[in-house]
Amino acid sequence: MRFLTRTFALLLFAEIAFGQTIAITGGTVHTVGPDGTIENATILVENGRIAAVGNDVSIPANAETVDASGKIITPGLFSPLGAIGLSEVGAVAGTNDSTQRGTQFAAGFDAAEAYNPRSVVIAISRVDGITRAGLTPRAGGADGQGNSSHVLSGLGSVVQLGDEPEHLVRRGAVVVANFGETGSNVAGGSRAAAIQVLRAALNDAADYQQNRAAYERGDWRDYSISGADLEALSAVLDGNAAMLFNVNRASDISVVINLASDFGIRAIVAGGSEAWMVADELAAAAVPVILDGVNNLPGNFDRINARQDSASLLADAGVTFAFGAGVQTHSARLITQSAGNAVANGLDWDVALAATTLVPARIWGVDAVAGSIEPGKEADLVIWPDDPLELTSYPDQVYIRGAAIPMESRQTLLRDRYLQPDDGKPPAYRN
Amino acid sequence: MKKLRLSLPLLAMGFVLGACEQNGDDGPAPYSSTYQPLPSEPTILQGATVLTGTGERLDNADVVMNDGRIVAVGSGLDPTGLTVIDASDMWVTPGVIDVHSHLGNYPSPSVDAHSDGNEATSPNTAEVWAEHSVWPQDPGFVTALAGGVTTLQILPGSANLFGGRGVTLKNVPGQSVMDMKFPDAPHGLKMACGENPKRVYGNRGSAPSTRMGNVAGYRSAWIAAADYKRKSDAAAKGQGEAPTRDLQLETLAGVLDGEILVHNHCYRADEMSVMLEIAQEFGYKVTAFHHGVEAYKIADLLRENDTCSAIWADWYGFKMEAFDGIRENAAILDRADACTVMHSDDDIGIQRLNQESAKVIGAAARVGINIPPERAIRWFTANAAKALGIADSVGTLEAGKMADVTVWNRDPFSVYAQAQQVYIDGALAYDRNDASVNPVTDFTLGTSAQQGGAQ
């Protein structure tokens, strides 16, 4: 009962905070914008947005002031892959909603209606500084009845992890496609078949775009994919959505770049273990990479040439990249560990920070409102006591769209219970 | 090496001895370690911040290594006759020890043909030895070395109630696993409680399919082992016939004899409590619980049983039994003076046990638990050595111990820290500044790893 009361109290606090004027003063602000890093700066937040940031910001009389002297402030962290809010316990199938093996949908599968804003994973992630996430549907192995995942996994959306709706701030930003060994597994045994499936689907969608009315009247040919799939792929062909490819092998990345060029679509490479080997191609095609920043081993033959210093090699070649890995739903904070390790292996610190904030926001098409501390953008802010890439550093306070979020989670409740000394009663009685 | 010459009477005695290793009178027993240290020269590391692993921090101190051993640790030591390494601005610690790894038996690349960690054909496979699955060409050994790892235990997986024997290795890639075995280290026995065994076998419609089935499985096995041990011990005293040699019972009896150390995968506090009851019933010790996601809930009980907890920093939520994982787990255990060990169970995580520990240090500081570096370092050095039964040989920088030493370019608990040099038995096994020193396993020839990549 007390837990529920506390939760409602915290939600109330968040409601009051939303729309408030806040001035955060005295911190070192990494804007990740054109103004770079500003010492002893003031950030003025009004109505959930950044009104001003700098050294000469006048603070309105009604502003709540937050003294951030000696602190470091960054934009909120953006986890660009995973299933936050779509997976409560990994091994409990009923809680996982980002994989489907039905035959009606592939590209058009939309997990948005399954999003649970009360997932424990959300609070646990945001107290670590994650303010937004890209949700990516994923392929899984065949289920017990022999049903398979698909080459095209479905639509990906952006969520903001604050308490206020709308949580899904950009639906259908990407369509996820599986290539490499994963694609091979779902396409009947060869990754080339996955590409053929993909080309056929895109060709169908292109034809559908020219003949939509006739198709809906029933006066047109059948397609190999459903109406929802046709709509999803049309958005990709129109440039309103990107296609996110799960791909690691260098030759596979080249195939993806060529396919994207053939169809005139925006591609994103997710995984990218061997992206460093085709970095020049990626840079020339302006294809961004979502890089698993810690996986430096040849886990399979798609990743034989994985290396720990991938990020700095990509940076040197002018490739745009963010840090993220699909398996990191329950450990989104790994993106700062990836960033820190990349810096240790030669990457510039500011580029590393951008790869956890503005670049993923840009990849997901929400950089107009998020990813950096610039006037006009929504106020996703993290106040850190120390270098945010250091693993000993945890946020003092996180703001999402201008609202201070409660710095509590199910984990802090467990922690606080078991920090208490044993008073002779069972822990269940410690409140 | 003397040639084996066994006469008939000696052979007969060999059979009668039953459970003992079949080595007759001459030569080392089969499967013995053939590990040879790499060539080394007497060396002094000068002027470093030294974390000894005993809880001490020495500033501007020297470490002297000779003939494979640590000779001295202190300030202003005599460098005469020694190769001098300027370690000012460096941090020097005991080599990193990971008590839970599947390098070699679930190696990279992770293909079906390499899936050798779980003999998941019966819930009790105490007869298998993980070392017989170890592929020394796993590139993960080298990346672990680049992360400062000098010693590691390779365990069977957790599909079974009894997974088999674990083996402790020196992290010097060899031609065979025998070339890597840590000399005179005891074997481990992998046990697993909780979801994994009951899911694996329950899904096949066989036992165990519940946690109570798990427990009946352990107890039945220990009953048989106790009987085997009783008969073997009696036969050794000339009382009765020795039982037919049985690899499974031999391993379990080894636990009851105190020679094989129990490493028990177990997540939930209530289950760890039950496993301790079983240990008491049959008179053996749980040397370490592995993963112990809920160990923080029973820190006092674990300390009282002198049972180590080999855990992650913060993995949670991937299974129901991991739902209550918190980052302060290691901190709460350490505060209660329970043996706290940071482990990886992961070929990526093994490369940065120092970073994982840093996550805990930071979280602990926020609730007023201050863990200085000289204390936290024990989680993957001295405490890990204790859990593996090799604390007399490694785990601290003390005179007489094996010179397994890692040199870091800064405080190892910074995310920016990297192991610069790694010494195993006083020999330079890895040098970040000189690729020609470093091993490249056969599998990685011609790949980025050989070009200095994966490390």
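Just so we're on the same page: letters track the sequence lines, and every chain starts at 1.
Within 6.0 Å of atom CZ in A:Arg118, 12 or fewer heavy atoms from other residues, nucleotides or ligands are found, so the atom counts as exposed in its surroundings. Within a 6.0 Å radius of CG in B:Asn433, more than 12 heavy atoms belonging to other residues, nucleotides or ligands are found.
If you look at A:His330 and B:Phe318, their ring centroids are not closer than 6.0 Å.
Heavy atoms of B:Phe443 lying under 4.5 Å from chain A belong exclusively to its side chain. For chain B, the nearby part of A:Asp128 is the side chain; its heavy atoms alone come within less than 4.5 Å. For A:Gln337, the parts lying under 4.5 angstrom from a heavy atom of chain B are both the backbone and the side chain. Using a 4.5 Å cut-off between heavy atoms, A:Asp386 does not touch chain B at all. When heavy atoms are compared at a cutoff of 4.5 Å, B:Glu328 approaches chain A solely by way of its side chain, counted from C-beta outward.
Atom CG of residue A:Asn296 and atom OG1 of residue B:Thr143 lie 5.5 Å apart, to the nearest 0.5 angstrom. A distance of 12.0 Å separates CD1 of B:Ile371 from OG1 of A:Thr392, quoted to the nearest 0.5 Å. Going from atom CD of A:Glu274 over to atom OG1 of B:Thr447 covers 9.5 Å, rounded to the nearest 0.5 Å. Going from atom CG of A:Asn295 over to atom CG of B:Asp347 covers 7.5 Å, rounded to the nearest 0.5 Å. Annotation: the span from B:Gln355 atom CD to A:Asn341 atom CG amounts to 4.0 Å, rounded to 0.5 Å.
Listed by chain and number, the residues in a salt bridge (charged side-chain N to carboxylate O under 4.0 Å, His left out) with B:Lys359 are B:Glu356 (sequence neighbours excluded). Applying the ring pair (Phe, Tyr, Trp, His ring centres under 6.0 Å) criterion to B:His102, with sequence neighbours excluded, gives B:His100, B:Tyr106.
Taking all atoms of both residues into account, the shortest heavy-atom contact from B:Ile332 to A:Leu419 is CG1-CD2, 3.9 Å. Counting all heavy atoms, side chain and backbone alike, B:Tyr316 lies closest to A:Ile124 at OH-CG2, 3.4 Å. The heavy-atom pair separating A:Pro298 from B:Ser108 by the smallest distance is O-CB, 3.4 Å. Closest non-hydrogen pair, A:Gly340 versus B:Tyr416, comes out as O-CD2, 3.7 Å.
Looking at heavy atoms from C-beta onward, B:Gln351 lies out of side-chain contact with A:Val294 at the 4.5 angstrom threshold. In this structure, the side chains of A:Leu414 and B:Tyr296 come closer than 4.5 Å at one or more pairs of heavy atoms. Residues B:Phe413 and A:Glu390 are not in side-chain contact: their nearest non-hydrogen atoms beyond the backbone lie 4.5 Å or more apart.
Most heavy-atom pairs under 4.5 Å with chain B, from the set A:Leu389, A:Val92, A:Val120: that is A:Leu389. Top candidate by heavy-atom pairs under 4.5 Å with chain A, chosen from B:Asp300, B:Ile326, B:Val415, is B:Val415. In terms of non-hydrogen atom pairs under 4.5 Å with chain A, the most contact-rich of B:Arg327, B:Lys319, B:Arg199, B:Glu195 is B:Arg327. No other option in B:Ser110, B:Ser414, B:Gly317, B:Ala313 has as many heavy-atom pairs under 4.5 Å with chain A as B:Gly317. With chain B as the partner, the residue from A:Asp387, A:Asp422, A:Thr412 showing the most heavy-atom pairs under 4.5 Å is A:Asp387. Options B:Ala331, B:Gly140, B:Ala363 differ in how many heavy-atom pairs under 4.5 Å they form with chain A, and the most are formed by B:Ala363.
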Next item on the list: Begin from the C-alpha positions of B:Val111 and A:Phe301 and carry the test side-chain contact (heavy atoms from CB on, under 4.5 Å) through to its verdict.
Entry: CA-CA 9 Å; B:Val111 299; A:Phe301 280 87; 4.2 Å; yes
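Looking only at atom types and distance, the side chain of B:Asp314 has no donor-acceptor partner in the side chain of A:Gln411 under 3.5 Å away. Under the 3.5 Å distance criterion, with hydrogens and angles disregarded, no donor-acceptor pair is assigned to the side chains of A:Tyr418 and B:Asn329.
Between B:Asp324 and A:Arg415 no salt bridge is recorded (no basic side-chain N to carboxylate O distance below 4.0 Å).
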